[in-house]
Structures are given as structure tokens and as C-alpha cells.
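In what follows, chains are A, B, ... by sequence order, proteins preceding strands, each numbered from 1.
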There are 2 protein chains.
Amino acid sequence: MARTVGSDGEKTRSAIRDAATGLFARHGYDAVSIRQIAAEVGVQAAALYRYFATKEDLLFDLMQSHMDALIDSWEQQRPNDDPTARLAAFVGNHIRFHIERRHSTHVNNMELRSLSHDRLSTILRLRGAYEKELRQILRDGAETGAFVIEDVTLTAMAIIQMITGVIVWFRPDERLSVTQVTETYHQMTMRLVGAQEWESQHV
Amino acid sequence: MARTVGSDGEKTRSAIRDAATGLFARHGYDAVSIRQIAAEVGVQAAALYRYFATKEDLLFDLMQSHMDALIDSWEQQRPNDDPTARLAAFVGNHIRFHIERRHSTHVNNMELRSLSHDRLSTILRLRGAYEKELRQILRDGAETGAFVIEDVTLTAMAIIQMITGVIVWFRPDERLSVTQVTETYHQMTMRLVGAQEWESQHV
DNA sequence: TAAGGAATAAAACGGTCGTTCAATTAATTC
DNA sequence: GAATTAATTGAACGACCGTTTTATTCCTTA
């Protein structure tokens with residue numbers, strides 16, 4: 001029956017996703033063949049088509065899951081606090097999430113152009129929703145006078161690019177721990193938005 | 001003769017480079033075929049091989065030229081001034097350069113993985129030399145007390161990612177001019193490094 | 001205007017790609 | 001344990017890839 005077999009199928013499905021994430025991140029979507037992914041899973045190329053109709057379906061599945069997980073992670077963490085505390089939480093959650101998922105982050109940042117128009121829109125919509133959260137924090141902080149901000153949209157982009165960039169150079173087991181990196185970025189972010197004083201809310 | 005004919009050859013060569021830059025930036029190195037590039041130039045695929053031995057040679061040529069031009073642009077602009085003025089000049093030059101060369105910047109940021117090991121090293125060496133300039137500015141500013149910096153390397157990466165990120169969202173003919181964008185990033189950068197006061201050196 | 005080299009075109013090469021299909025094996029149900 | 005269905009294989013398809021080879025055109029120079 002589909003029930004018990006389904007559980008094995010889900011295991012294979014997730015093995016495919018893991019293999020594809022790593023290969024896409026390292027070599028790029030176009031440079032990776034279905035046969036390579038299949039080989040890493042230990043299966044023939046044709047077998048993948050029982051789980052994903054096309055190669056692009058597989059890519060889209062990875063990217064959508066990534067965005068869903070990112071938004072979910074923030075929603076479970078978001079404090080109902082003053083803008084300073086919310087910004088600290090946002091930065092901390094963002095950095096932690098992206099370090100933990102370097103590979104799928106890389107795929108999401110690099111392979112947008114490999115998606116069809118409709119699927120690109122879907123991903124961009126999710127991305128927009130996430131960034132809107134940051135813009136709202138910045139807007140609130142500017143209104144209460146907690147932050148000094150010239151342009152909310154532009155500042156939001158600057159912060160996101162800055163904190164997402166961590167994955168470009170950060171490698172675990174180096175001189176800095178995740179906590180140290182997060183702490184330093186927290187301080188830089190607070191200065192960037194002109195936050196005059198903030199408690200040591202090291203999230 | 002090679003002289004007069006050479007000048008036509010150089011025109012074709014630069015047409016190839018322009019076409020390849022645009023196509024690589026839009027669709028990615030792997031997704032673009034030699035035949036596509038040739039078609040955009042108005043020539044047959046085999047003709048490109050008179051100018052570039054392989055497709056990767058073409059990519060490397062584009063990436064190396066980009067880095068050379070970036071470093072050259074900074075060297076012609078670098079002031080022998082205090083750290084605050086030098087940082088302002090660095091940010092201004094960087095943003096201006098990258099907005100003017102969005103496509104080749106995109107190629108340089110996205111296609112590192114398509115290079116062979118040796119060529120990757122060459123590009124990374126150039127990149128390292130450029131980033132070293134920023135680190136030196138930050139170090140000087142930290143020593144004179146002009147800046148508040150927890151970690152020079154980390155701050156340099158944060159600034160570079162922030163200001164390079166402009167090309168991800170900035171489009172000409174939108175609500176903001178290059179000057180406005182540069183000015184806002186200048187202010188954000190100065191706050192980020194904790195510069196207590198700075199003249200309006202809008203470079 | 002004939003000669004000679006530079007530039008291009010046209011065709012072909014071997015290889016790999018994403019995907020499909022028929023045949024086979026493995027697992028589940030009755 | 002036979003029947004049924006799910007899962008996988010191996011082979012094949014047509015398309016396109018980067019590159020090479022050979023032939024042809026164009027242009028310069030003597």
C-alpha cells in the first residue's frame with residue numbers, strides 16, 4: 001500500500017533533495033546533471049522522475065521550502081517588543097538560519113534565473129513578505145525615534161545584503177563562533193540604523 | 001596586414017565581450033551557448049575561436065578585465081587623506097563603478113565556480129588586493145579613534161557586501177539617482193563604523 | 001590584377017543533456 | 001501464494017553542447 005511504501009519513498013525523496021541542494025550549491029543548477037544527482041543518491045537517473053516531474057520542479061521545490069522555512073523560523077521567534085529588540089531578533093534569527101542552511105541559501109540566491117516566470121514570481125513574493133517584516137521594524141523605529149533612517153527600503157536592502165553575506169565568507173570551525181559573528185553583526189546593524197542605546201539583548 | 005585588419009578584429013573582439021557579458025549576466029555562464037553569443041554578434045560559432053581559445057578563456061578574460069578596471073578605478077581616485085575621507089571615497093567609487101558595470105559585476109560575483117583552479121586563484125588574488133585597501137582604511141581609522149570597529153576583517157566584508165548589493169535592486173530611471181543612493185550608503189557606512197563626525201565629503 | 005594571408009562559414013565530431021518507455025524487480029494485499 | 005501495484009532499471013530518443021576541420025570569402029599589398 002501507499003502508506004508504508006510511502007515512508008520509504010519519502011526517505012528517497014529527501015535524499016534527492018539533500019543531494020541536489022549540495023550539488024546545486026557547489027556547481028550551479030545548470031552544471032549539475034540529473035545523472036549526477038541520481039549517482040549521489042545511489043540510484044539511476046530515471047528513478048528521480050517518480051519524485052519530481054522535471055529538473056526545474058526539483059529546483060523550485062528546494063527554493064520554496066527554503067523560503068517557507070525562513071519565514072516560519074522568523075514567525076516562531078518574532079517578539080512583540082520595541083523596534084530595537086525586534087531588529088536584534090531579526091538579525092540574530094537571519095544569521096543563524098542562513099549559517100545553518102548555507103547550501104540552500106546559496107541555491108536561493110543564485111538560481112532565481114533558472115526558474116520559469118511564474119515560479120520566479122512565487123519565490124519573489126515570499127522574499128518580499130520576509131523583507132516587509134524588516135521594513136516594518138525600521139519604520140516603527142524611525143517613528144519612535146529609536147532609529148535614524150534616511151530611506152526605509154534602501155536601509156532594509158543594505159541590512160539584508162550585509163547579514164546574508166555572512167555565508168559568503170563564514171566557515172564553521174574558524175576563528176569566530178556563530179555567537180561571536182552574530183554579536184558583531186548585531187552591533188554593526190544597530191550603529192547602521194543609528195540606534196542610540198540598546199540593552200545587550202544578544203539573541 | 002595585421003595592423004589595419006587588427007583594428008577590425010579588435011572591434012569584433014569587443015563585440016564578443018559585450019555580448020558575452022550581457023548573456024552571462026542574464027542567463028548564467030552554463031546556460032549560454034557559444035552559438036548564442038555568436039548569433040548576438042552576428043557571426044558563426046566557429047568565428048569566436050579566432051578570438052578566444054575556449055569558452056572558459058572568454059569568461060576569464062571578462063572577469064580579469066573587470067577586476068583590473070575596478071582596482072584601476074580606485075587607484076586613480078584614492079585620496080591621501082584621513083581615514084574618514086578615504087572611506088567616503090572608497091564607498092563612492094565602489095558604488096559608482098558597480099552601478100556602471102552591473103553586468104560584469106554580476107558575472108564576477110556569480111561565475112567564480114565556473115573557473116579552473118588556477119584562474120580562480122588569480123581572480124581571488126585581485127579581489128583580495130582590493131579588499132585589503134578597505135581593511136587598511138578601517139585599521140587606520142580604528143587606530144586614530146575615528147572609527148569604532150570590533151573586527152576589521154568582518155567589518156570590511158560587511159561593508160563590501162552592503163555596497164555591492166546595490167546592483168541587486170538598483171535600476172536607473174527609478175525614484176533614486178545614483179548620487180542619492182551613494183549619499184545614503186555613505187551615511188549608513190559612516191554610522192556602521194561608528195564615525196562620530198564627518199564633513200559632507202560627498203564624493 | 002595576381003598572390004597571400006586573415007577572417008569567416010559550413011559541416012561534422014564525439015559527448016552529454018533532460019526525458020521517456022518498455023521491461024523487470026520488489027513489496028504489498030487478498 | 002497468486003495477483004496487483006509500486007519502484008527501479010537499462011536502453012533509447014532527439015536535441016544541443018564545445019570544439020575542430022575544411023573550404024570559402026574578403027582584404028591588403030605588391
| What pairs meet the ring pair (Phe, Tyr, Trp, His ring centres under 6.0 Å) rule with one or both residues in residues 101-144 of chain A, with sequence neighbours excluded? | A:Phe90-A:Tyr130, A:His94-A:Tyr130

| request: Nearest whole angstrom, please: distance from the C1' of D:dA7 to the CZ of A:Phe52. | output: 16 Å

| said: Enumerate the salt bridge (charged side-chain N to carboxylate O under 4.0 Å, His left out) contacts for residues 30-45 of chain B, please, sequence neighbours excluded, ordered by first and then second residue. | reply: none

| said: Just the rounded figure in Å: distance from P of C:dG18 to CZ of A:Arg50. | reply: 19 Å

| query | Which one, D:dT8, D:dT9, C:dT8, comes nearest to the side chain of B:Tyr51? | reply | C:dT8

Show each protein N/O and nucleotides 18-25 of chain D N/O combination with a separation under 3.5 Å, one pair to a line.
| from | atom 1 | to | atom 2 | distance (Å) |
| --- | --- | --- | --- | --- |
| D:dG18 | OP1 | B:Val32 | O | 3.4 |
| D:dG18 | OP1 | B:Lys55 | NZ | 2.8 |
| D:dG18 | OP2 | B:Ile34 | N | 2.9 |
| D:dG18 | N7 | B:Arg35 | NH1 | 2.8 |
| D:dG18 | O6 | B:Arg35 | NH2 | 3.0 |
| D:dT19 | OP2 | B:Tyr49 | OH | 2.7 |
| D:dT19 | OP2 | B:Lys55 | N | 2.8 |
| D:dT19 | O5' | B:Tyr49 | OH | 3.2 |
| D:dT19 | O4 | B:Arg35 | NH2 | 3.3 |

| query | Separation of B:Ile37 atom CD1 from D:dC16 atom C1', in whole Å? | reply | 15 Å

| query | What do the steps show when you test B:Thr12 against B:Arg50 for side chain to side chain contact (heavy atoms under 4.5 Å, CB included), and what is the final call? | reply | CA-CA 10 Å; B:Thr12 306; B:Arg50 187 149 303 271; over 6 Å; no

| To the nearest angstrom, how far is B:Leu48 atom CG from C:dA10 atom P? | 14 Å

| Between C:dT8 (P) and B:Arg13 (CZ): distance, integer Å | 12 Å

| message | Assess, by modelled atom type and distance only, whether the side chains of B:Gln64 and B:Asp68 contain a donor and an acceptor separated by less than 3.5 Å. | response | no

| query | Roughly how far, to the nearest 0.5 Å, is the CG atom of B:Leu192 from the OG1 atom of A:Thr189? | reply | 8.0 Å

| Are B:Phe170 and B:His98 an aromatic pair by the rule of ring centers under 6.0 Å? | no

| field | Short side-chain N/O contact to D:dG10 OP1/OP2 from A:Gln44, under 4.0 Å | value | yes

